[in-house]
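For reference, the structure discussed in these notes is given below.
Computed from heavy atoms alone, side chains included, the values below leave out hydrogens, waters and symmetry copies. The residues of the chain are indexed from 1 along the displayed sequence.
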Amino acid sequence: MTAFSRFTPLVSALPSTVPFVGPEAIERQRGLVAKARIGANENGFGPAPSVLEVMREQAGDIWKYSDPENYELKQALAAHLGTSSANIAIGGGVDELLGQIVRLVIDPGAPVVTSFGGYPTFNFHVAGFGGRLVTVPYAGDREDLGGLLEAVKRENAQLVYLANPDNPMGSWWDADSVISFARALPETTLLVLDEAYSETGPADALPSIASLIDLPNVIRTRTFSKAYGLAGARVGYAISTPGTALAFDKIRNHFGMNRLATAAALAAVKDQAYLREVVANIHAARDRIAAIAKANGLAPLPSATNFVAIDAGRDGTYAKAIVDGLMQHGVFIRMPGVAPLNRCIRVSVGPAADMDLFESALPQVLKAIG
Ligand SMILES: Cc1ncc(COP(=O)(O)O)c(C=O)c1O
């Protein structure tokens, strides 16, 4: 294929990979329909009726750009979190914020520490800005805090990524361990503490806002994509010191937020009663996934997220056969990308109809692949 001849050397050298192949792409490639969409850690319970109502009401305003300062959403988040709006930056989902953070910190060749098999979109951004990934294996299916700290010091890394709770295993560290890890880092190392699943874990897995807010080298990222059920809206936020938060203004796309999406997020923060309801549904669906796994002789891992990693007991080839086999039945799930995590499949929560499809397809697939 002929391409423009003067892309930057960095871009020219990048492989054409994507962090995730979307379910739509899989449907097109395989000529199948995903009847149960339980692979991308979305939230099939959907957003609150109050959120949909606001989106409908405000649809006619879509000719206007969104407020570039995201004033109202920041105010609402600040009130919700018990912090100041100066501590908050808004972006198009955590994924966009991760790209901005990498851009703020990384020169080509700079070492960046993360877990081997951890959230791949972060790695994608590091590659895109020319960073050098240094990976630390999971220990006992959890990100290894001691190993990450050791790698940061050894490499004098400017940036380290930790998801708590974690994707793809659903594991988590308690708040005290995360706080100790953050405080043990050199001041010259920025911690991205990705809390995309902050609403779905046990309370003691989430450091209080106050416990880390004084550290200029910590940015916590959160999203409306998971518990709030707004993945397609693309709204996320970062929490840090005011000085660190201001850095986003130097590089972000100031008119980049979708006006309806921002209005939806604002309405979602205001409807905490619905959030509690959905979180209860997520917990129940998690239990159901675990029960289905056990009934089929597989071993569900404990989860603090909106999905369950299930140890299928063999290798990545076997897990992939389950993933592919389920898709053949219209059940879209995913699996971790590298060994030894890829002995697992990963099933996102969903409404009862999705769980029913998973329950009926799984034994058929296991029987078929033997
Ligand atoms: C750890 C983690 N971070 C970020 C994201 C993406 O969040 P967003 O939709 O806000 O970009 C995900 C989604 O699966 C995730 O698992």
Side-chain angles (χ1 to χ4, degrees), residues 69-91 94 96-106 110-115 118-119 122 136 143-153 155-166 172-199 201-224 235-252 269 304:
E69 294 179 14
N70 300 302
Y71 180 83
E72 275 190 284
L73 180 56
K74 280 192 188 177
Q75 292 290 324
L77 282 169
H80 175 61
L81 298 168
T83 184
S84 154
S85 60
N87 296 106
I88 296 170
I90 305 289
V94 169
E96 181 177 83
L97 291 163
L98 291 178
Q100 292 172 349
I101 293 166
V102 174
R103 180 174 168 202
L104 286 169
V105 175
I106 291 306
V112 177
V113 173
T114 187
S115 300
Y119 187 57
F122 177 73
V136 176
E143 298 199 55
D144 178 0
L145 295 184
L148 290 168
L149 182 61
E150 198 272 322
V152 162
K153 291 185 173 164
E155 300 281 344
N156 186 21
Q158 274 132 294
L159 187 58
V160 58
Y161 175 86
L162 173 72
N164 192 63
D166 142 71
W172 69 98
W173 285 93
D174 60 275
D176 287 347
S177 303
V178 175
I179 295 167
S180 304
F181 172 72
R183 293 198 172 273
L185 288 168
E187 288 172 11
T188 48
T189 303
L190 183 78
L191 167 64
V192 190
L193 178 57
D194 187 346
E195 299 180 324
Y197 302 99
S198 61
E199 296 89 359
D204 68 1
L206 196 65
S208 69
I209 294 297
S211 67
L212 294 172
I213 201 68
D214 61 308
L215 293 177
N217 66 325
V218 174
I219 301 180
R220 303 169 73 166
T221 53
R222 296 191 181 177
T223 184
F224 286 89
V235 186
Y237 56 101
I239 311 162
S240 65
T241 60
T244 298
L246 268 182
F248 288 95
D249 283 343
K250 299 183 183 183
I251 58 157
R252 74 189 172 92
V269 183

*Taking only residues at least two apart or on different chains, which pairs with a member in residues 172-193 satisfy salt bridge (charged side-chain N to carboxylate O under 4.0 Å, His left out)?*
Arg183-Asp214

_Using 0.5 Å steps for rounding, measure from the CG atom of Asp166 to the OH atom of Tyr119._
12.0 Å

*In Å, rounded to the nearest 0.5 Å, how long is the span from CG of Asp249 to CD of Gln100?*
9.5 Å

*For Thr244, what residues pass the side-chain contact (heavy atoms from CB on, under 4.5 Å) criterion, not counting sequence neighbours?*
Pro216, Ile219, Ser240, Thr241

*For the pair Leu191 and Asn217, evaluate side-chain contact (heavy atoms from CB on, under 4.5 Å) and give the outcome as yes or no after the intermediate values.*
CA-CA 6 Å; Leu191 167 64; Asn217 66 325; 5.8 Å; no

_Interatomic spacing from CG in Leu162 to CZ in Phe122 - rounded to 0.5 Å_ = 11.0 Å

*Search all heavy atoms of Thr223 against all heavy atoms of Ala196 and return the closest pair with its distance.*
CG2-O, 3.5 Å

_Any residue meeting side-chain contact (heavy atoms from CB on, under 4.5 Å) with Pro186, in chain and number order, not counting sequence neighbours_ = Val152, Thr188, Thr189

_Qualifying residues under side chain to side chain donor-acceptor pair (under 3.5 Å), relative to Asn70, sequence neighbours excluded_ = none

*What pairs with Asp194 under side chain to side chain donor-acceptor pair (under 3.5 Å), at least two apart in sequence or on another chain?*
Tyr161, Thr221

*asked:* I'd like to check Arg220 versus Pro207 (side-chain heavy atoms, cut-off strictly below 4.5 Å). Are they in contact?
replied: yes

*In chain order, what residues pass the side-chain contact (heavy atoms from CB on, under 4.5 Å) check against Ser84, with sequence neighbours excluded?*
Ala86, Asn87

*Contact summary for Val218 and Ala182, nearest pair of heavy atoms*: CG2-CB, 4.2 Å

*What residues form a ring-ring contact (aromatic ring centres under 6.0 Å, His included) with Phe224, not counting sequence neighbours?*
Tyr228, Tyr237

*asked:* If I take atom CH2 from residue Trp172 and atom OH from residue Tyr197, how far apart are they, to the nearest 0.5 angstrom?
replied: 14.5 Å

*From Arg252 CZ over to Glu96 CD, what is the distance, rounded to the nearest 0.5 angstrom?*
9.5 Å

*asked:* Could you work out, with side chain to side chain donor-acceptor pair (under 3.5 Å) as the rule, every residue matching Glu69, not counting sequence neighbours?
replied: none

*Under the side-chain contact (heavy atoms from CB on, under 4.5 Å) test, which residues partner Val136, sequence neighbours left out?*
Val113, Asp144, Leu148, Ala151

*Is Leu81 close to Ile88 at the side-chain level, that is, under 4.5 Å between some pair of heavy atoms?*
yes

*Under the salt bridge (Lys or Arg N to Asp or Glu O under 4.0 Å) test, which residues partner Glu143, sequence neighbours left out?*
none

*Could I get the full list of salt bridge (Lys or Arg N to Asp or Glu O under 4.0 Å) partners for Glu72, not counting sequence neighbours?*
none

*From Leu73 CG over to Ile90 CD1, what is the distance, rounded to the nearest 0.5 angstrom?*
4.0 Å

